[in-house]
Amino acid sequence: MAQAAAVAKPPAPPRRRRASATPRRLPYLLIAPAALLMLGFIAYPVISVFYYSLQNYNPTKPWRNGYAGFDNFVHAFTDDPQFWDTLTFSAKWVIVEVGLQLLFGLALALIVNQTFVGRAVGRALVFSPWAVSGVLTSAIWVLLYNSQTGVTRYLADMGIGAYGTSWLSDTATVFPAAIVADLWRGVPFFAILILADLQSVSKDLYEAAEVDGARRLQQFWHITLPHLKDAIVLSTLLRAVWEFNNVDLLYTLTGGGPAGETTTLPLYIANTSVDAHNFGYASALTTVAFVILLFCSIVYLRLSKFGGGQK
């Protein structure tokens, strides 16, 4: 009777297994090899540049190598007029190039965004220069500017200019000639990014604006441009950094000449390190260029309020 009266105990609840941490760590474990490789290929060169910027390092003059402190930076800012000349030209090159590329790229994007016969072919022709490497672009334009077989020869045949004229060896024409060559390759970059953003604009906005009596220019100013703000800010920032670091085109096209008229700061750094073997001073100039780009990028993003506006 005691056994019958005894109340059966309910079965014990199953123990909860501790959630394994492996599934949560798995994504990080999978990307770890790539992250380590990127860290090695990016962090090590950057740290090396900062280290050598504080050194006197010239393999051809090992007896002068050693710790220099901030002497390389002091020399750049006080005793090297070529540093200021190349920095000034770099700023001029970036402002003119990026401004013109944005203007023509925006115009091309608006054109190829329209519906017309052969639009696919037109887009391919517009975007094709971006697929050409910088050195090949330079080679193409060197041939076009050749005084014997290039554009100047055909212009001279038509009575425009003189035979034997070389735009790349004349200080009055070398800058516009280099600008045109780089525009040919840089404009499609803006056109591609802006066109991609243009295609996401709702047509309902333009239809509503037409109903309200807004003209094309008003639609462009109040609908298109605000929608393209982030794309324009990002593309101009990326292109400004690339144009500042432009070496391949100017090196192949002009070599920094004539008389140093087209020598940018990165080209001056390349000549200082490769030709003069002064890697310590070149590293200091690279560090200065890095700080300038970082500062300008932060200020530009803050002033433009990138990512803060609503489309």
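Residue numbers start at 1 and run along the sequence shown.
Partners of R153 by salt bridge (Lys or Arg N to Asp or Glu O under 4.0 Å), not counting sequence neighbours, listed by chain and number: D157.
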Would you please test T264 and I269 for side chain to side chain contact (heavy atoms under 4.5 Å, CB included) and show each step?
CA-CA 9 Å; T264 59; I269 293 172; over 6 Å; no

So I194 and L102, side chain to side chain contact (heavy atoms under 4.5 Å, CB included) or not? Walk me through it.
CA-CA 9 Å; I194 293 175; L102 173 61; 4.2 Å; yes

Please walk me through it: do N65 and Q55 pass side chain to side chain contact (heavy atoms under 4.5 Å, CB included)?
CA-CA 7 Å; N65 295 343; Q55 307 290 322; over 6 Å; no

Residue pair D85, Y268: steps toward the side chain to side chain contact (heavy atoms under 4.5 Å, CB included) verdict
CA-CA 10 Å; D85 293 340; Y268 178 46; over 6 Å; no

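When atom types are taken as modelled, the side chain of D182 and the backbone of A178 share no donor-acceptor pair closer than 3.5 angstrom. The backbone N or O of G257 sits less than 3.5 Å from a side-chain atom of T262, completing a donor-acceptor pair. With hydrogens and angles ignored, the 3.5 Å screen pairs a side-chain donor or acceptor of K229 with a backbone N or O of S304. A donor-acceptor distance shorter than 3.5 angstrom exists from the side chain of Y145 to the backbone of A177, with no hydrogens or angles considered. Panel note: side chain T149, backbone N146; no donor-acceptor pair is recorded below 3.5 Å. For T263 (side chain) and G256 (main-chain N/O), a donor-acceptor pair under 3.5 Å exists by modelled atom type. Within the 3.5 Å criterion, the main-chain N or O of T287 finds no donor-acceptor partner in the side chain of S53. For the pair T252 (side chain) and L249 (backbone), a donor-acceptor distance under 3.5 Å is absent. The main-chain N or O of A109 is never found under 3.5 Å from a side-chain atom of N113 such that the two would form a donor-acceptor pair. A donor-acceptor pair is defined here as one N or O able to donate and one able to accept, closer than 3.5 Å; no such pair exists between the side chain of R239 and the backbone of F190.
Taking both residues in full, the closest heavy atoms of P266 and V247 are given as CB-CG2, 3.7 Å, listed atom of the first, atom of the second, then distance. Between S297 and V241, the shortest heavy-atom distance links the atoms OG-CG2, 4.3 Å. A pairwise comparison of heavy atoms in A209 and I223 identifies CB-CD1, 3.8 Å as the closest pair. Between Q219 and Y206 the shortest heavy-atom distance is OE1-CD2, 3.4 Å. The two residues V126 and A191 make their nearest non-hydrogen contact at CG1-CB, 4.4 Å. Heavy atoms only, all atoms of each residue included: A289 and F244 are closest at CB-CE2, 3.9 Å.
Counting only heavy atoms from C-beta outward, the side chains of Y44 and L39 never approach each other to under 4.5 Å. Between L87 and L265 the shortest side-chain heavy-atom distance falls below 4.5 Å. At a threshold of 4.5 Å between non-hydrogen side-chain atoms, the residues R64 and N58 do not count as touching. Counting heavy atoms from C-beta on, the side chains of L267 and T86 never come closer than 4.5 Å. Side-chain contact check for F73 versus F70: some heavy-atom pair is nearer than 4.5 Å.
No more than 12 heavy-atom neighbours from other residues, nucleotides or ligands sit within 6.0 angstrom of OH on Y251. Within 6.0 Å of OH on Y51 lie no more than 12 heavy atoms contributed by other residues, nucleotides or ligands. Other residues, nucleotides and ligands place no more than 12 heavy atoms under 6.0 Å from the CZ atom of R216.
Looking at S200 and H227, their side chains do bring a donor and an acceptor atom within 3.5 Å of each other. For the residue pair Y57 / S283, no side-chain donor-acceptor distance below 3.5 Å is found, with atom types taken as modelled. A donor atom on one side chain and an acceptor atom on the other are found under 3.5 Å apart for Y300 and T236.
How far CG of L168 is from OG of S147: 9.5 Å, rounded to the nearest 0.5 Å. Atom CZ of R185 and atom CH2 of W130 lie 5.5 Å apart (nearest 0.5 Å). To the nearest 0.5 Å, the span separating CG on L285 from CZ on F290 amounts to 15.5 Å. A distance of 11.0 Å separates CG of L36 from CE of M38, quoted to the nearest 0.5 Å.
Ring centroids of F83 and F77 are separated by less than 6.0 Å, placing the two rings close together.
Across W242, F104, W184, a single residue satisfies ring pair (Phe, Tyr, Trp, His ring centres under 6.0 Å) together with F189, and that is W242. Of the candidates N72, D80, N56, Y281 forms a side chain to side chain donor-acceptor pair (under 3.5 Å) with just one, namely D80.
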